[in-house]
Amino acid sequence: MRLKPVVFTVLLTVAFAYYVYIPLPDAIQEPWKLMLLDAGFRATMHLVVNGLHHHGRLSIRKSTEGFEGIMKGLHSSESGGGVMPGVKVSDITFAGIPVRVYEPPAGGEGHLRRGLMFYHGGGWALGSAKKGSYDAINRMVSDELNTVVVSVEYRLYPEVHFPVPYLDCLAAAKHFLSPEVLAKYAIDPERVGVSGDSAGGNLAAAVAQEISIDDTVSVKFSVQALIYPVLQALDFSTPSYLQNQNIPILYRSLMVRFWLQYLGADLSLQPQLLANNHSSMHHSTITPELRARLDWTVLLPPKHKKSYKLLVVEKGSQGITKELPGLLDVRAAPLLAGPEVLYDVLRDDGMMYARRLQDAGVTVTNDHYEDGFHGCFSFIVWPMDFEVGRRALRGYLNWLQNNL
Ligand SMILES: *[C@@H]1O[C@H](CO)[C@@H](O)[C@H](O)[C@H]1NC(C)=O
């Protein structure tokens, strides 16, 4: 019966290949690595979904921990340790919010340093300031740019939902920007930035907006660096949402789910949001002025518009925007604020925001990586490292070097 193991192996290999293989555009480099990474990500998301259906909230947390375990394994946790021996790392709290502070080796004696507040990504549900590539990236920024980096461990779904993560980030930011704290770390008040990727980019944009209009905060962020940020939840049919809906690792349906979880909504609304039923003409709360703020037919360059059509449903579903006021809240969706990238469903969120900031007189650098994909920035540590990720990280460091 020597045949059986062979058959078994072949079947397993076929099943494995079937699970792992996804067609990818030619521009994506290192496609097999991305497929493997995605398979791991999908397997974890399946666990999360099953946890949700069968065991309630407790096991979502367990599954999420499982995900973090995978990410930890992939990234070898606390990875930066030893690489940047000079950077001093302290786990403390800012206004009661846990943060990890990275202080560069060049001491503060006599000269002031830059400051950077960082919010990690992970759909407001995953990830950690302290683990994996975020730790490595922030050590690198601290060391190379002589910057005091503060990475915020804001609370996540399912423990909390909007506005708690935003409020955690805002509280940490206000504490950081206080003259006493800046003095303590020898930071130049003119050179403090805020940054984040994905959901962290959402939090960074929302916090930067609020700080900019809060008269009680005297020191303002001088720059913001947003990496494939999430900025709006009214249109899930932007060209990038449609074009890249099946590109790993951030599928269109997954992003919608992250939004529903963040806003504390019933996940059964997912099909409605995927159909843009939640922003139909019926919703009088979405004024023409508000619609103009995310009208990609005006805000995107023609190159990215291609032949996609704006999807505004006539009837749609009644009342969703009343049930979920977060959909229209600039603290959740910073692209909706008034006038005061990638193979990525979120590409157009970022592109539209760049255009709107420019229209409002802000100097903007828009770095678009044609061969990038969502998450590439945080895949820079072997073996889950991508050349485009290292390039994007280098671009980020260079931009901060020249602008912060
Ligand atoms: C969107 O709304 C229309 C009108 O109410 C409804 O017929 C349709 O089934 C909805 N689509 C989804 C996916 O729920």
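Note that ligands are numbered from 1 as they come in the structure, with each ligand's atoms numbered from 1 the same way.
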Please say whether Pro271 places an N or O atom under 3.5 Å from an N or O atom belonging to ligand 1.
no
Between the side chains of [Y] and [X], is the shortest nitrogen-to-carboxylate-oxygen separation below 4.0 Å, so that they form an ion pair?
| X | Y | result |
| --- | --- | --- |
| Glu289 | Arg293 | yes |
| Glu387 | Lys33 | no |
| Asp295 | Arg291 | no |

Answer yes or no for atom 9 (O) of ligand 1: protein heavy atom present at a distance under 4.0 Å?
no
For atom 5 (O) of ligand 1, is the nearest protein heavy atom under 4.0 Å away?
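Yes, because at least one protein heavy atom sits under 4.0 Å from atom 5 (O) of ligand 1.
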Can you name the atoms of ligand 1, numbered from 1 with element, that are less than 4.0 Å from a heavy atom of Asn277?
1 (C), 2 (O), 3 (C), 8 (C), 10 (C), 11 (N), 12 (C), 14 (O)
Check residues 163-176 and write down every donor-acceptor pair under 3.5 Å in which the side-chain atom is one partner and the other belongs to a residue at least two apart or another chain.
{"residue": "Asp168", "atom": "OD1", "partner": "Arg155", "partner atom": "NH2", "Å": "2.9"}
{"residue": "Asp168", "atom": "OD2", "partner": "Arg155", "partner atom": "N", "Å": "3.0"}
{"residue": "Asp168", "atom": "OD2", "partner": "Arg155", "partner atom": "NE", "Å": "3.0"}
{"residue": "Lys174", "atom": "NZ", "partner": "Asp214", "partner atom": "OD2", "Å": "3.1"}

